[in-house]
Amino acid sequence: MAVRIDRELCNGCGKLDEPLCVRICPGDLLYKNTDGKAAIRDTRDCWDCAACIKECPKQAIEMYLPAQIGGRGSTLKARKSRDKIIWMLKRADGVEEIIEIEAHRIV
Amino acid sequence: MAVRIDRELCNGCGKLDEPLCVRICPGDLLYKNTDGKAAIRDTRDCWDCAACIKECPKQAIEMYLPAQIGGRGSTLKARKSRDKIIWMLKRADGVEEIIEIEAHRIV
Amino acid sequence: MLSTWEPEVVRIDADILIIGGGTAGCQAAITAKEKNGELKVVVIEKAHVERSGCLASGVNAINAYLNPGETPQSYVDYVKKDTAGLIRDDLTYTIGERLNNCTRRLEEWGLPFLKDENGNYVARGRRSVRINGERIKPILAEALRKSGALVLNRVVATNYIVKGRKVIGAFAFSVRENKFYVIRAKAVICATGGAAGLYKPNNDGSARHKMWYPPFNTGTGFAMGLRAGAEMTSFEMRFIALRIKDVLSPTGTIAQGVHAPQINARGEAYLRNYVDRSTYMRLYATLKENREGRGPCYLDITGLSEDYNRILKEAYLNMSPGIVLKWADEGVEPTEKPVEICGSEPYIVGGHGLAGYWIDSRRRTTLEGLYAAGDVAGGSPKKYVTGSMAEGEIAAEDAVEYIKNITFESIDESLIKEEIQRVYTPLIRSDGYKKLGFSPDEFEERLQKIMDEYAGGISSYYEVYEEKLNIAKDLLKELQKDVNKGYAEDLHDLMKYHEVIDRILVARAVVEHLLYRKETRWRCYQERIDYPYRDDEKWLKFVNSIYDSCKDEIKILERPYTNGENYLVTWLGSGMSGCKD
Amino acid sequence: MLSTWEPEVVRIDADILIIGGGTAGCQAAITAKEKNGELKVVVIEKAHVERSGCLASGVNAINAYLNPGETPQSYVDYVKKDTAGLIRDDLTYTIGERLNNCTRRLEEWGLPFLKDENGNYVARGRRSVRINGERIKPILAEALRKSGALVLNRVVATNYIVKGRKVIGAFAFSVRENKFYVIRAKAVICATGGAAGLYKPNNDGSARHKMWYPPFNTGTGFAMGLRAGAEMTSFEMRFIALRIKDVLSPTGTIAQGVHAPQINARGEAYLRNYVDRSTYMRLYATLKENREGRGPCYLDITGLSEDYNRILKEAYLNMSPGIVLKWADEGVEPTEKPVEICGSEPYIVGGHGLAGYWIDSRRRTTLEGLYAAGDVAGGSPKKYVTGSMAEGEIAAEDAVEYIKNITFESIDESLIKEEIQRVYTPLIRSDGYKKLGFSPDEFEERLQKIMDEYAGGISSYYEVYEEKLNIAKDLLKELQKDVNKGYAEDLHDLMKYHEVIDRILVARAVVEHLLYRKETRWRCYQERIDYPYRDDEKWLKFVNSIYDSCKDEIKILERPYTNGENYLVTWLGSGMSGCKD
Ligand SMILES: Cc1cc2c(cc1C)N(S(=O)(=O)O)[C@H]1C(=O)NC(=O)N=C1N2C[C@H](O)[C@H](O)[C@H](O)COP(=O)(O)OP(=O)(O)OC[C@H]1O[C@@H](n2cnc3c(N)ncnc32)[C@H](O)[C@@H]1O
Ligand SMILES: Cc1cc2c(cc1C)N(S(=O)(=O)O)[C@H]1C(=O)NC(=O)N=C1N2C[C@H](O)[C@H](O)[C@H](O)COP(=O)(O)OP(=O)(O)OC[C@H]1O[C@@H](n2cnc3c(N)ncnc32)[C@H](O)[C@@H]1O
Ligand SMILES: Nc1ncnc2c1ncn2[C@@H]1O[C@H](COP(=O)(O)O)[C@@H](O)[C@H]1O
Ligand SMILES: Nc1ncnc2c1ncn2[C@@H]1O[C@H](COP(=O)(O)O)[C@@H](O)[C@H]1O
Ligand SMILES: Nc1ncnc2c1ncn2[C@@H]1O[C@H](COP(=O)(O)O)[C@@H](O)[C@H]1O
Ligand code: SF4
Ligand code: SF4
Ligand code: SF4
Ligand code: SF4
Ligand code: NA
């Protein structure tokens, strides 16, 4: 269990045939639910690779650690631009941190 | 995962407020589903104590071993009478065995 | 917010309240009613007394019975020898005195005992007799019903009601109805059994509850006692059962029952290399064979005649059907191959081991008005079914006398409010704050991982040492805080939530005990690799603990071993009372 | 019955078919198209090439790059020394020749490399440079797209199409559509990566897939090769990663990146006690500290300046965000405390380790028309990203030449029918026979339990010996039969079903290899406690295997180690062809 989809924020990627998160997940874990929103088949199968959270244009997916390995509710979201990735880390105690990293040197 | 409820055989214990299997399970794992039949909350929580399979008057519940520990589909059912317990062991290869044991010396 | 879940408060007054309607609890209730039929005796049981606790599946022997030639003292001698010299002789002796009578009672109620030609019980070793014990729990439950005690099934105790150092009742909630119970009592007997699920079990995922000890015995009795300031003993002596691999069925049935030797992968009867063949050494030796390249190990039943196929299947169907299914899945008859054996997860259990409430010979705990009996009571290992019954009897007999001078105490309403809040808050969180929380299952995984890795679980061959134990200690304290972020979806889930809460506290006590005893007294059960030898000079004494709930600290104290003398159990803790102001 | 699930059969002819669009596969496709833009190059990928395989999350270093002063030969020397003297020099050398060029290509495509004042790459050790590699896979995928190769995403290869000992294409199915692919090819390059999930992983339950290696790399390439009769090497050299505990994030980032020492619980830099500090000895030493009472062990980053908090977070966000969340959950900055380390589950992977297809220096396997590159190719450890790319290049360059004289082969229709049957039967069973079956997850649990307990998983400190391995061998054979009772609910489930099928076969090969090598060459990776020493005289040679699918037997053969000389890879197996008649 490691990603959580905010059903308020997710719009099912509108008119796209295949939502972006569904398209990207290397484990084929995400699917479009009957309610038109993204859902995860089995949270136990998630690798925590963060591909989906980077891909979601609505920042509707957040990653967190399972309690088993010490997870306490800190979350990670991401927004990607053409050349950067902007990480949004939110600690369980509310402290937020933005980390921007170069990701693609456009040549 | 260790008990399986046959939804054809189960009649939800008819008019009983609380089905017999629901009443007996030491783990409170069984409940009456919206369809009126018994169901198990989470098969992973079953202790394999066999209380429910002894209790069911319809022999609708069978016990088996999870594949993880070598389960291959052999099943165990039981029928109790006032003084005896009759076990019905069915091997995955189809071989059946009935074992009757004294259970209560009525005095 | 609370209102959506606000339970109906049910108030009951009981002369004697028995928590846990298992082996000890049933016998306690029956005894109390026999002594004085006028008394209001109430039993609360989280499951249904018909099939709850250790006996849910049945048993196939009465493991504590004095066959001809045995005496209470010979029983004490045996138990002491098997426990590296450290037991409470007084407790064991007073159990020994009653074993055979408890056995006879079971027979009177209709439990089928196997008999020889002369009508005597069929011995299975010097202190054991064979039974067809599949129905043992319904039989006990019937006797309980007939006794006239009031039985509340599906009612889960959560805490004692405490006044100063006196227990005046208990709180409980129903998993069937939206009801919260406030039960006042003149005396309370705790008979909630031991604790499984503190450690990562042998199997995981779909088979995670395929364990020897009932996964539904979650140590709540210990936790309630700790929270109330009761003194506990010997939590460092974890009981680790030598069991049939995968299905975790008991081994005594064949080791003792048909004298099957323990052999290693080379066919050697490896116990021959050991002078000490006590219960824990049989386990230790098995692990050693495995570690040194001579495993796996087996109980060899291949020499037996074909008759034993049926005998063994019956014996296990009476107690632990898992192995019968395993034989079927392997397509073999029992005697066709040796059965592989392994060590279980560590349990905290006073019926096989030494851990539990610190009690006196009347089964009084260090809290006034509170008794303990059976797997939840410490100091007297190898009591099993009949020993647990014996303790239930002793406690009930004393309680019947004790309450003569006791009147009901008034309960501070704010205590009730607080406990309702504590108990039901996870459900409330599930309404509003679910997004941030974890389920009870997830916290249980965390607990078991911590204990497995840092406090000597299966994956470290049960070995412990200071540095790791200190980490366990810290992580458990953090986990205890984190659980407050948990939620429960329904009443069943709420029960699981409190089970985790309770297990964490028990685990914390286990870790403190393991940290304290700086020797290795019982290999595997308590194996401090930084203090690898038994040291009678310094450590032939009890390690006890009291939880200080104000400071949230477990304090360790020592109690001397005094050979056979009766103990005066005095209260040394501060308990819940101290932190109110 | 089949009809309900009868898939549409899609037929494709490819000059070069590449199975697996990961690091090696992308580079192979790009290279082939660069060499000859006219060729029809097809890539099939079970996930989506944009974020599949090892690189899905990103990486933060190019671990195989020759910094100034290093040469292909010094690279060979280092890898050989780190692998107890047994590698394929020819393979490692030919990788070494291309490492820096592959690195430059990544930079050209836009991967951000850190540079020093002089515009040189920032070295992270002698053969490693730092990158901001979060986007590495999308960058590779973009280059792939531009190459003009045809990419089929969500298409899972299940088997090669084999004629005699020649591979003439592959079968595959879509997890998005009800389509079965029959792809003919003049040459096939296998680039499916290694295998995780053969063993019980470090975490279970809700965290079971929190592992280092991708849980979605399931060893299908190995299994397809085995079923087709290809020769495999060194499966006994399991790669076990030293990783950050709980989150399993890589450690090189701090061990090599900021020179953090490995310390034990007492603060001692315990590697000082070892002359040999090779990769597996760093792991072995860590386990030893733990076993002997000096654990846990840590990478000590507390000495670093505060700047490193940001540096380390960035580095890990670029590759493995788990540890960043862990720091957040603990409420600490990275340099506030040492990070605890542990050994991972054993993986079979040719990119870090030695296991994989037996190939020649052109990356030809022992089957005609079949190449292997990257983590699926054996003999050349420590190739990492750039080494995998190099192998993709070498294979593609040779394939472009090879196919000049090759024409498409006709495919026997009955082969197609058989494979459709094999692939889709679990879905059919789900219609009718579900009652008797188990899900893929349940079989995976079984597999992992067997491997953990009998073939040297985490719970036995990775140690193996003959008796237990023989049990694993038997149980795996039985499991292989039992899986036939499994079912799949949908196409996703069907993929998982075949992943288990494939893992079981790979696991069987691992066990045979472990049984065969009667020495201990690589501690932990291959630690035979019944043969505890390295024995160069007898065992400085490769242990290889070929699966005989007719007899369902894995045959072991030996291949000599010949210092640096090119290998002629000849086919010694009988393969699938033999049992048709
Ligand atoms: C688990 C187990 C135990 C045994 C065996 C096999 C197995 C699989 N074998 S052999 O392997 O040794 O061979 C037996 C055997 O053949 N012969 C024998 O004499 N003893 C055996 N034991 C040992 C005895 O059974 C054991 O020592 C006694 O039964 C212990 O009696 P007691 O201490 O009463 O525990 P219990 O489990 O029976 O009852 C506890 C009850 O408390 C309830 N409970 C718990 N928490 C509660 C709460 N918060 N609120 C309300 N109720 C709450 C429980 O539901 C339960 O009903
Ligand atoms: C898992 C992992 C690996 C690394 C790292 C961190 C982590 C978390 N780190 S550090 O820790 O070392 O530091 C890296 C690092 O920083 N630097 C580095 O150089 N290498 C790292 N590796 C090693 C390299 O990444 C690795 O050696 C190469 O990427 C291997 O390349 P390749 O052999 O191509 O494997 P792949 O996983 O990229 O691709 C396999 C593809 O095949 C697909 N596939 C598999 N089966 C298929 C089937 N049946 N049908 C169709 N497709 C089918 C997969 O989906 C995948 O796309
Ligand atoms: N190897 C053995 N030798 C003698 N008694 C045993 C042996 N194993 C178990 N027992 C006894 O059998 C009873 C049940 O044990 P168990 O099944 O291990 O819980 C206990 O009284 C044990 O002391
Ligand atoms: N070329 C090499 N040959 C052998 N061992 C090496 C080589 N380079 C690095 N190492 C080992 O890797 C460790 C770290 O080296 P470095 O990566 O240079 O910081 C050293 O302790 C060496 O044992
Ligand atoms: N302690 C170490 N000393 C030197 N190099 C290391 C150390 N740990 C990891 N590395 C190197 O860092 C790279 C990535 O390693 P890893 O993160 O363990 O996969 C590899 O090239 C390793 O050889
Ligand atoms: S990518 Fe985001 S918005 Fe689109 S379906 Fe997935 S969660 Fe919803
Ligand atoms: S984090 Fe990775 S594995 Fe998990 S759901 Fe997202 S894309 Fe899939
Ligand atoms: S006892 Fe049997 S018939 Fe009654 S509800 Fe349960 S399964 Fe159905
Ligand atoms: S076997 Fe026992 S634990 Fe499992 S569902 Fe039936 S009664 Fe409950
Ligand atoms: Na271990």
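Note that the structure is a prediction, hence the values are computed from the model and not measured. To find a chain, count down the sequence lines: A is the first, B the second, and so on, and within it residues start at 1.
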query: Which atoms of B:K80 come close to chain C, meaning under 4.5 Å heavy atom to heavy atom: side chain ones, backbone ones, both, or neither?
result: both
query: Checking B:D28 against chain C: side chain, backbone, both or neither under 4.5 Å from a heavy atom?
result: both
Heavy-atom contact with chain C under 4.5 Å, split by part of B:I99: both
- request: Mark yes when over 12 heavy atoms from residues, nucleotides or ligands other than C:D116 sit less than 6.0 Å from its CG; otherwise mark no.
  value: yes
- request: Under 4.5 Å, counting heavy-atom pairs only, tell me which of C:L248, C:D246, C:V324 racks up the most with chain B.
  value: C:D246
field: Heavy-atom contact with chain B under 4.5 Å, split by part of C:D441
entry: side chain
message: For the interface with chain C, which of B:A50, B:A67, B:G71 has the highest count of heavy-atom pairs at distances below 4.5 Å?
response: B:G71
- prompt: Do the side chain of C:K137 and the main chain of C:G53 share a donor and acceptor less than 3.5 angstrom apart?
  reply: no
query: Just wondering, more than 12 heavy atoms not from C:Y298 lying within 6.0 Å of its OH?
result: yes
Heavy-atom contact with chain C under 4.5 Å, split by part of B:W47: both
query: Side-chain donor-acceptor pair under 3.5 Å between B:S74 and C:D329, yes or no?
result: yes
task: Against chain B, work out which of C:E330, C:M495, C:R51 has the most heavy-atom pairs shorter than 4.5 Å and name it.
output: C:R51
- request: May I ask you to decide if C:I139's main-chain N or O and C:E142's side chain share a donor-acceptor pair within less than 3.5 Å?
  value: no
query: Of the listed residues (C:M319, C:E50, C:E45, C:M211), which shares the most heavy-atom pairs with chain B below a 4.5 Å separation?
result: C:M211
- request: Look at B:E100, B:E97, B:R41, B:K90 and state which one has the largest set of heavy-atom pairs under 4.5 Å with chain C.
  value: B:R41
- prompt: Between the side chains of B:D83 and B:S81, is a donor N or O closer than 3.5 angstrom to an acceptor N or O?
  reply: yes
- request: Would you check if there is a donor-acceptor pair between the side chains of C:Y213 and C:E345 at a distance under 3.5 Å?
  value: no
query: Is any side-chain N of the basic residue among C:E333 and C:K313 closer than 4.0 Å to the acidic one's carboxylate O?
result: yes
- prompt: Counting heavy-atom pairs under 4.5 Å to chain B, which of C:P138, C:P214, C:P321, C:G322 comes out on top?
  reply: C:P214
- request: Please flag which part of C:W109 lies under 4.5 Å from any non-hydrogen atom of chain B: side chain, backbone, both or neither.
  value: backbone
task: May I ask you to name which of B:H104, B:R91, B:E18, B:M63 has the most heavy-atom pairs under 4.5 Å with chain C?
output: B:H104
task: Give the member of C:E134, C:H492, C:K496, C:K210 that has the highest number of heavy-atom pairs under 4.5 Å with chain B.
output: C:H492
- request: Examine whether an atom of B:I85 lies under 4.5 Å from a heavy atom of chain C, and if so say whether it belongs to the side chain, the backbone or both; otherwise answer neither.
  value: both
message: Contact between B:Q59 and B:M88 at the side-chain level, heavy atoms closer than 4.5 Å - yes or no?
response: yes
Sub-4.5 Å side-chain heavy-atom contact between B:I101 and B:W87: yes
- prompt: Which one, C:L317, C:V49, C:N203, leads in non-hydrogen pairs under 4.5 Å with chain B?
  reply: C:L317
